[in-house]
2 protein chains.
Amino acid sequence: MDYKIKSRIWIEADGKILLGEGRISLLKAIDETGSLSKAAKLIGMSYKKAWSLIDAVNKRAEMPVTTSSIGGKGGGGAELTEYGKSLVETFETINKNCWAFLDNQIKQSKLK
Amino acid sequence: MDYKIKSRIWIEADGKILLGEGRISLLKAIDETGSLSKAAKLIGMSYKKAWSLIDAVNKRAEMPVTTSSIGGKGGGGAELTEYGKSLVETFETINKNCWAFLDNQIKQSKLK
DNA sequence: AATCGTTATATCTAATCAAATATAACGCTA
DNA sequence: TAGCGTTATATTTGATTAGATATAACGATT
């Protein structure tokens, strides 16, 4: 068989999406580059989309996930808060565990 | 906290989607009603969309998932093959197991 | 043979979503 | 103070997707 099982997980707050795979990879890129515009370029996303995603995340999360500054050395920048880093870490852990679980499930099913 | 974790699973064949939650609920409605048009109406989907989904499923699956007849008693109809029924059943089982797994995961995380 | 409800299909329109473009504000640096 | 790269935001355009409409084919039933 060449059937494959796939999954996506996301976290909701107030019935609206807070974090999914796309936002997580954007947050990781911000952590790597120190800049929202560089992060967007790195993962092939328009700046506008990246900005509105981060804006939504910060508005819905219980605490800010990123901080940013305008002007100054290098024009400004953005970085993850400690809270943001812990959110990324728990999301990725649960996501990897979910993949492993599903791999196991399909091996035990008729689809093999 | 009022964070909630959600998930979607799907099965791919040749890198294209074969079965997801929407198609599964359509297949279940066909099983209940014995008709593609009634199934579409039942779940609030246009006939055209329902037809093209079922067409894609039957083309990508290793064996037909539905059979259909045109004309005759009641104008015709559609029903699941035994293979189709088993696909629906294994999909739903794995999906429920996945939800339970994720519930457990989030209880063990910092998100609680 | 006329009717009926269904499958099967094409075509056109509407709506939603992504992408591109433009611009203001900001504060360090030279 | 002029320039730079960045954040922050609005507006417009384009593309993809969903929805509506129309129609042919079919075979049991009457």
Side-chain angles (χ1 to χ4, degrees), chain A residues 8 10 12 15-61 63-81 84, chain B residues 8 10 12 15-61 63-81 84:
Chain A
R8 294 218 120 177
W10 65 95
E12 290 186 358
K16 295 174 186 171
I17 185 166
L18 172 67
L19 287 176
E21 285 185 16
R23 300 177 193 212
I24 288 291
S25 63
L26 177 59
L27 289 175
K28 287 170 71 180
I30 290 173
D31 199 35
E32 290 171 22
T33 61
S35 150
L36 181 53
S37 64
K38 284 178 187 159
K41 199 168 294 177
L42 181 64
I43 66 175
M45 180 182 286
S46 72
Y47 176 83
K48 179 205 152 85
K49 185 175 181 186
W51 181 84
S52 38
L53 286 178
I54 294 299
D55 187 54
V57 169
N58 281 320
K59 278 177 180 159
R60 276 169 210 162
M63 291 190 285
V65 171
T66 64
T67 56
S68 60
S69 60
I70 311 177
K73 176 181 66 174
E79 56 182 12
L80 299 195
T81 61
Chain B
R8 295 218 119 176
W10 66 96
E12 290 187 358
K16 295 173 187 171
I17 185 165
L18 172 66
L19 287 176
E21 287 186 13
R23 300 177 193 212
I24 288 292
S25 64
L26 178 59
L27 289 175
K28 287 170 70 180
I30 290 172
D31 198 37
E32 291 171 22
T33 60
S35 150
L36 180 53
S37 65
K38 284 177 188 161
K41 199 167 295 179
L42 181 63
I43 64 176
M45 180 182 287
S46 73
Y47 177 83
K48 178 203 152 88
K49 185 174 182 186
W51 181 85
S52 37
L53 285 178
I54 294 299
D55 187 55
V57 169
N58 281 320
K59 278 178 180 158
R60 277 170 208 160
M63 290 191 286
V65 172
T66 65
T67 57
S68 60
S69 61
I70 311 177
K73 175 181 67 175
E79 56 183 13
L80 298 196
T81 62

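All values below come from the heavy atoms of this structure, side chains included, with hydrogens, waters and symmetry mates left out. In this text the structure is predicted, and so the values were computed from the model without any measurement. Each chain gets a letter, A, B and so on, in the order the sequences are listed, and its residues count up from 1.
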(request) Using modelled atom types only, decide if a donor and an acceptor are shared between the side chain of B:Thr81 and the backbone of B:Val65 within a distance under 3.5 Å. (result) yes
(request) Starting at atom CG of B:Asn58, determine the distance to atom C1' of C:dT9, rounded to an integer number of angstrom. (result) 16 Å
(request) Please state whether the base of D:dT7 and the side chain of A:Lys48 form at least one donor-acceptor pair under 3.5 Å? (result) no
(message) Which nucleotide wins on minimum distance to the side chain of A:Lys49, given the candidates D:dT7, D:dA25, C:dA19?
(response) C:dA19
(request) State, with a plain yes or no, whether a side-chain heavy atom of B:Arg23 is found less than 4.5 Å away from one of B:Ile17. (result) yes
(message) Taking the minimum atom-to-atom distance to the side chain of B:Tyr47, which one of C:dA18, C:dA25, C:dA8 wins?
(response) C:dA8
(request) Rounded off to whole Å, could you give me the NZ-to-P distance for the B:Lys38 and C:dT6 pair? (result) 5 Å
(request) Would you mind reading off the distance between B:Ile54 atom CD1 and C:dT9 atom P, rounded to a whole angstrom? (result) 14 Å
(message) Please report the distance, rounded to the nearest Å, between CE in B:Met45 and P in D:dT17.
(response) 16 Å
(request) Return the value, rounded to whole Å, for the distance between atom CG of A:Leu53 and atom C1' of C:dA19. (result) 14 Å
(request) Nearest-nucleotide wise, let me know which of A:Asp55 and A:Gly71 is further upstream toward the 5' end of DNA chain D. (result) A:Gly71
(request) Round to the nearest Å and state the distance from B:Lys73 atom NZ to D:dC26 atom C1'. (result) 16 Å
(request) Supply the atom-to-atom distance A:Thr33 OG1 to A:Glu79 CD, rounded to the nearest 0.5 angstrom. (result) 10.5 Å
(message) Can you measure B:Lys59 atom NZ to C:dA8 atom P for me and round it to whole angstrom units?
(response) 11 Å
(request) Measure the spacing between NZ of A:Lys28 and CG of A:Leu26 and express it to the nearest 0.5 Å. (result) 11.5 Å
(message) I want to confirm an ordering. Mapping A:Gly74 and B:Ser52 to their closest nucleotides on DNA chain C, which one lands closer to the 5' end?
(response) B:Ser52
(message) Considering every strand and a 4.0 Å limit on heavy-atom distances, what is the contact class for B:Ser46: base, sugar-phosphate, or nothing?
(response) nothing
(message) I want to check one thing: is the phosphate of D:dT7, taken as OP1 and OP2, less than 4.0 Å away from some side-chain N or O of A:Ser37?
(response) yes
(request) Tell me which nucleotide among D:dA18, D:dA8, C:dA8 gets nearest to the side chain of B:Trp51. (result) C:dA8
(message) Whether B:Ser35 contacts C:dT7 is assessed here as follows: a side-chain N or O lying under 4.0 Å from the phosphate OP1 or OP2. Is that the case?
(response) yes
(request) Using the side chain to side chain donor-acceptor pair (under 3.5 Å) rule, pick out the option among B:Asp55, B:Asn58, B:Asp31 that qualifies with B:Thr66. (result) B:Asn58
(request) Determine: side-chain N/O of A:Ser68 to OP1/OP2 of D:dT6, distance under 4.0 Å, yes or no. (result) no
(message) Between C1' on C:dA25 and CG on A:Leu36, what's the gap in Å once rounded to a whole number?
(response) 16 Å
(request) Ignoring backbone atoms, establish whether B:Ser69 has a side-chain N or O less than 4.0 Å from OP1 or OP2 of D:dG27. (result) no
